[in-house]
Amino acid sequence: MESTWLVLLSLALGLTVGAGFVTLLYVAERHGKRAAEVVNPAVPDGIDQVLDALESAGVVLDPSNNVIKSSPGALSMGLVVNDQIAHPELLDLARGVRRTGESVSEDLVLSRGPFGDASMHLRVRVARLGSRYVLLLAEDRTEAFRLDEVRRDFVANISHELKTPIAAVGLLAEALGHAADEPAQVRRFADRLTTEAGRLARLTQEIIELSRLQAQDALRQPELLDIDDIVAAGIDQNRVVADADRITIAVGKKSRAKVYGDERLLVMAVHNLVANAVHYSAPGSRVGVGSRVNDGVIEITVTDQGVGIPESDLDRIFERFFRVDQARSRNTGGTGLGLSIVKHVVQIHGGDIRVWSQPGHGSTFTIRLPEATHPASAATGDTP
């Protein structure tokens, strides 16, 4: 009898030990899978393709708020830098969604870049993506917030600045009629009429360009660009004028830097700075243009040996239609919009522009832009 109880007790003990061993194996397997998921995070199927197709910004965050996938829009808007969310306001929304489990939508005003005072108005929606991830979507609505201001500025600027050349064209046309029998006077008035018409065309085009920039619709499809190509294109557009005045344009070493942006706008900004340097430099002098990268910041510098800018005017030179030397600006065909356009181009690219000048010794303008960062790797481990 005792031997029977011993057999049953041994059997029960064996079953208990076996069950415990199986349970330990199961738990170990579960922990192994979780560890593998942490080491090799994978977003749900199809999310990679959706983010790549988005025109707006899209970001997938893991439980530690690391960016494991981001759309091109998130990079170009500066929301993601070095695989991390750049704005604490977005992280606060992600934490709130994890805590409550409920999706949220908010309007936020965020800085467009690491420096400068340009901002962007975003409509942000954050929601859970499966059990581990959080999906953040951001739509840039800056244009809608600034549209009314742009319209008011456009009307005020065009009414003030266009009345002078329009009046001049009218007077010259009338003078041509009275001087019909005097060939020398006709040629003289015709030359002045051509000059005023050209100035009027440039002024109208630059007002339209500036209004487009202020409307914030210029960077809907930013591209990855080579900053050396942009600098070279901006310089080439000024070669003929510089050579005519025997002004040497000296170019520094290539930086090999990349930036997200609009190639036409960035070339126009560099062109405007080089054109100003040439216009305000004495014949036979030198203009220097260079670019470099410093701690993730691209710097494009244009230096001249021209007349310089008085200290009292340095804070105003980027205002619309402001001219340091009214007479010289009009003689060289200046509209007073070139530097304002440069400022807005740089701002919508998340950067800023700085100036140093000393009257009689020249000026140095420096464009600073965020260097392009690479997107976060997808779950497959592919590198961009």
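Starting from 1, each residue takes its place in the sequence as its number.
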| Check: N238/H271 side-chain N/O donor and acceptor closer than 3.5 Å | yes
| request: Would you list the pairs meeting salt bridge (charged side-chain N to carboxylate O under 4.0 Å, His left out) in which at least one residue belongs to residues 273-298, sequence neighbours left out? | output: R292-E299
| query | Does one side chain, of Q347 or D352, offer a donor that lies under 3.5 Å from an acceptor on the other? | reply | no
| request: Could you tell me the separation between the OG atom of S70 and the CG atom of L136, rounded to the nearest 0.5 Å? | output: 11.0 Å
| request: Could you check K254 against V231 for side-chain contact (heavy atoms from CB on, under 4.5 Å), going step by step and ending with a plain yes or no? | output: CA-CA 9 Å; K254 293 185 177 182; V231 171; over 6 Å; no
| Hey, what do you get for CG (L266) to CG (L225), rounding to the nearest 0.5 Å? | 6.5 Å
| query | Given the rule in the side-chain contact (heavy atoms from CB on, under 4.5 Å) test, do V302 and N276 qualify, once you have shown the distances and angles that lead to the verdict? | reply | CA-CA 10 Å; V302 179; N276 269 8; over 6 Å; no
| Flag, side chain of S119 to backbone of L110, donor-acceptor distance under 3.5 Å | no
| query | If you take all heavy atoms of I353 and V346, which pair is closest and at what distance? | reply | N-CG1, 4.2 Å
| message | Within the structure provided, determine whether L90 and V59 are in side-chain contact (heavy-atom separation under 4.5 Å). | response | no
| Heavy-atom side-chain proximity of D140 to L122 below 4.5 angstrom | yes
| Going from CG on L135 to CZ on R125, what distance comes out if it is rounded to the nearest 0.5 angstrom? | 9.5 Å
| Same apolar cluster (I L V M F W Y, side chains within < 4.5 Å links), L224/V80 | yes
| request: Taking the side chain as every heavy atom from C-beta outward, state whether N65 and I85 have any atom pair closer than 4.5 Å. | output: no
| field | Connected via hydrophobic side-chain network under 4.5 Å: V241 and V251 | value | yes
| remark: Heavy-atom nearest pair, V259 first then P370, reads CG2-O, 3.7 Å
| request: Could you tell me which non-hydrogen atom of A86 sits nearest to which non-hydrogen atom of G78, and how far apart they are? | output: CB-O, 3.5 Å
| If we only count heavy atoms from C-beta on, is the S357 to L314 side-chain gap below 4.5 Å? | yes
| CZ of F365 to CG of N272: how many Å apart, nearest 0.5 Å? | 11.0 Å
| remark: Only one of E371, K258, R256 passes side chain to side chain contact (heavy atoms under 4.5 Å, CB included) with V293, and that residue is E371
| field | For the student: nearest non-hydrogen atoms of S255 and D228, plus distance | value | N-OD1, 2.9 Å
| Would you say I341 and V345 make side-chain contact, with heavy atoms under 4.5 Å? | yes
| Is there a side-chain contact between H121 and D107 (heavy atoms, below 4.5 Å)? | no
| note | Rounded to the nearest 0.5 Å, the CE atom of M120 sits from the CZ atom of R141 at a distance of 14.5 Å
| query | Linking I/L/V/M/F/W/Y whenever any side-chain heavy atoms sit under 4.5 Å apart, do V81 and L93 land together? | reply | no
| field | Residue pairs involving residues 97-106 (criterion salt bridge (charged side-chain N to carboxylate O under 4.0 Å, His left out); sequence neighbours excluded) | value | none
| said: One pair to check against side-chain contact (heavy atoms from CB on, under 4.5 Å): E89 and V124. What are the steps and the verdict? | reply: CA-CA 10 Å; E89 297 90 339; V124 180; over 6 Å; no
| Do D245 side-chain atoms and I247 backbone N/O form a donor-acceptor pair below 3.5 Å? | no
| task | Considering non-hydrogen atoms only, spot the tightest contact between L339 and F318 and give its length. | result | O-CD2, 3.5 Å
| field | From L265 atom CG to H344 atom NE2, the distance as rounded to the nearest 0.5 Å | value | 12.5 Å
| field | 4.5 Å side-chain heavy-atom contact, L273 and I300 | value | no
| request: Determine the minimum heavy-atom distance between T303 and T301, stating which atoms define it. | output: OG1-CG2, 3.7 Å
| query | side-chain contact (heavy atoms from CB on, under 4.5 Å) between N66 and D83: does it pass, once the steps are laid out? | reply | CA-CA 7 Å; N66 296 312; D83 292 349; over 6 Å; no
| Check: L61 and Y133 side chains under 4.5 Å, non-hydrogen atoms | no
| request: Please indicate whether Q237 has more than 12 foreign heavy atoms, meaning atoms of other residues, nucleotides or ligands, lying under 6.0 Å from its CD. | output: yes
